[in-house]
Protein chains: 2
Amino acid sequence: MINNHFRRGELYSVINGMASTAVARRLQKNFRNAGLDITIEQWSVLYHLWKEDGLSQQELCVRTFRDKPSITRLIDNLEKQSLVKRVASPTDRRINLVQLTDAALELQHITIDLANQTMAEALVGVEKHEIEMVKSVFQRVYDNLTMTTHEVL
Amino acid sequence: MINNHFRRGELYSVINGMASTAVARRLQKNFRNAGLDITIEQWSVLYHLWKEDGLSQQELCVRTFRDKPSITRLIDNLEKQSLVKRVASPTDRRINLVQLTDAALELQHITIDLANQTMAEALVGVEKHEIEMVKSVFQRVYDNLTMTTHEVL
DNA sequence: TGATATTAGTTGCATAACTAACTATATGAT
DNA sequence: ATCATATAGTTAGTTATGCAACTAATATCA
């Protein structure tokens with residue numbers, strides 16, 4: 001019974017443990033070795049802006065699964081490094097549109113190559129269908145938790 | 001080609017994104033709602049001590065995938081809350097053995113139940129064999145990265 | 001034995017996370 | 001038009017993470 005408890009308790013560490021920590025650290029190290037002075041968290045924000053420039057901070061919260069203060073400070077730090085700038089929305093002055101600078105556009109290909117390379121290293125010996133299954137499981141986990149959150153609130 | 005890049009880049013967010021964030025937040029919220037004033041990181045340390053009490057800080061680093069300063073400060077905070085105490089090893093005075101207090105022993109069943117309950121919510125609609133596959137994939141990812149780390153260093 | 005290297009743990013610094021409380025702007029109801 | 005409410009973003013406080021540099025204790029070996 002205790003054994004059963006522990007086995008299930010370990011599921012948390014599976015989802016939130018060794019693999020994600022190891023991948024994050026390796027990606028950060030690969031950035032650093034390439035002389036890139038950005039964190040993976042900053043990179044993940046840039047990543048969404050490369051897909052669609054000029055997103056609001058609120059929209060970045062949704063897409064990166066972060067809360068508002070986290071995005072505020074990530075944008076602060078990205079702005080310090082002149083990688084993005086905040087531009088007030090012309091139609092709603094509450095909204096900051098976050099826009100990439102030329103410096104950030106230059107980082108795109110290098111960093112995405114590094115991310116691909118890192119994931120390739122990480123996924124040696126993992127089949128395509130296994131990756132799809134992990135994605136699908138995680139999508140269900142996310143849906144389970146966010147849907148019940150809304151119910152509960 | 002850019003599309004291909006982006007699709008692969010997204011793998012990082014799969015491993016380190018929505019699902020793990022959502023599970024961590026839910027577990028933390030469930031602790032809080034139960035009046036438990038510990039963080040999930042503190043809980044993850046206690047979890048390993050419940051399995052084996054009196055581990056050294058170094059051993060806790062290995063088991064929780066954290067670096068030494070992280071463990072130092074987690075133990076600091078756990079000690080402030082009187083959940084663990086540091087005891088110098090009798091055979092090697094460099095080593096701190098971390099021992100659970102009675103207060104921590106009392107938390108064990110409640111928090112493990114909450115973790116089980118949280119994982120049960122998270123895993124609704126996920127088959128046992130899918131969980132096993134995720135575990136297996138993550139183990140390979142971890143091995144890939146830690147083995148090449150040692151090679152490289 | 002004595003110099004050197006290794007190991008365990010701590011401290012300082014920067015970034016990031018969550019919560020709660022706040023400001024400013026916009027929306028809606030009366 | 002006005003007052004209440006909702007939304008976008010910021011600030012403050014606590015905890016956590018990673019790296020680098022440090023101290024203290026032990027191990028190695030010449």
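A quick note: this is a predicted structure, and the numbers were derived from the prediction, not measured. Chain identifiers are assigned alphabetically (A, B, ...) following the order of the sequence lines, protein sequences preceding nucleic acid strands; residue numbering begins at 1 within each chain. Computed from heavy atoms alone, side chains included, the values below leave out hydrogens, waters and symmetry copies.
- Not one side-chain nitrogen or oxygen of R66(B) sits closer than 4.0 Å to the OP1 or OP2 atom of dG18(D).
- A heavy-atom distance below 4.5 Å is not found between the side chains of Q139(A) and K135(A).
- Atom CD of Q28(B) and atom C1' of dA17(C) are 11 Å apart (whole Å).
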Review point. Checking side chain to side chain contact (heavy atoms under 4.5 Å, CB included) for the pair T111(B)/L46(B): CA distance, chi angles, key distance, verdict?
Key: CA-CA 10 Å; T111(B) 60; L46(B) 293 178; over 6 Å; no
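- No continuous path of hydrophobic side-chain contacts links I95(A) to L74(A) [ILVMFWY only; heavy atoms under 4.5 Å].
- Between the P atom of dA16(D) and the CD atom of E41(A) lies a distance of 17 Å, rounded to the nearest Å.
- Listed in residue order, the members of residues 73-83 of chain B having a heavy atom less than 4.0 Å from DNA chain C are R73(B).
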Exercise for review: Take T21(A) and Y142(B) through the side chain to side chain contact (heavy atoms under 4.5 Å, CB included) test and state the conclusion after the steps.
Suggested key: CA-CA 9 Å; T21(A) 308; Y142(B) 178 73; over 6 Å; no
Practice item. Show your working on side chain to side chain contact (heavy atoms under 4.5 Å, CB included) between L97(B) and L55(B) and close with a plain yes or no. Key: CA-CA 5 Å; L97(B) 303 176; L55(B) 294 170; over 6 Å; no
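- Distance alone, capped at 3.5 Å, is enough to place a donor-acceptor pair between the E79(B) side chain and the R86(B) backbone.
- I71(A) has its CD1 atom 11 Å from the P atom of dT10(D), to the nearest Å.
- Positionally, the nearest nucleotide of DNA chain D for E59(A) lies more toward the 5' end than for the other of R25(A) and E59(A).
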Practice item. Go through the steps to decide whether Y12(B) and Y47(A) satisfy the test ring pair (Phe, Tyr, Trp, His ring centres under 6.0 Å), and finish with yes or no. Key: CA-CA 11 Å; Y12(B) 174 73; Y47(A) 182 82; 9.1 Å; no
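- Rounded to whole Å, atom P of dA14(C) lies 14 Å from atom CD of Q42(A).
- A straight line from CZ of R32(B) to P of dT15(D) spans 14 Å, rounded to a whole angstrom.
- If you take CZ of R26(A) and P of dG18(D), they are 15 Å apart, rounded to a whole angstrom.
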**Study point:** CA sep, side-chain torsions, deciding dist, call: C61(A), R66(A), side chain to side chain contact (heavy atoms under 4.5 Å, CB included)
**Key:** CA-CA 5 Å; C61(A) 291; R66(A) 290 183 168 85; 5.6 Å; no
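- Distances shown here put every side-chain N or O of T39(A) at or beyond 4.0 Å from the OP1 or OP2 atom of dA14(C).
- Atom CG of D67(A) and atom C1' of dT10(D) are 12 Å apart (whole Å).
- Counting to the nearest Å, the P atom of dA14(C) and the CG atom of D37(A) are 13 Å from each other.
- Note on T72(B): a side-chain N or O is less than 4.0 Å away from OP1 or OP2 of dT10(C).
- Two residues, I40(A) and P69(A), neighbour DNA chain C, and the one matched to the more 5' nucleotide by heavy-atom proximity is I40(A).
- Scanning all heavy atoms of the two residues, the minimum distance from W43(B) to I38(B) falls at CB-CD1, 4.0 Å.
- Residues from residues 84-101 of chain B that place a heavy atom under 4.0 Å from any atom of DNA chain C, listed by number: R86(B), R94(B), I95(B), N96(B).
- S70(A) has a side-chain polar atom (N or O) that falls below the 4.0 Å cut-off from OP1 or OP2 of dC18(C).
- Proximity of Q57(B) to the phosphate of dT7(C): no side-chain N or O atom is located under 4.0 Å from OP1 or OP2.
- For R94(A) and S89(A), the side-chain atoms include no donor-acceptor pair closer than 3.5 Å.
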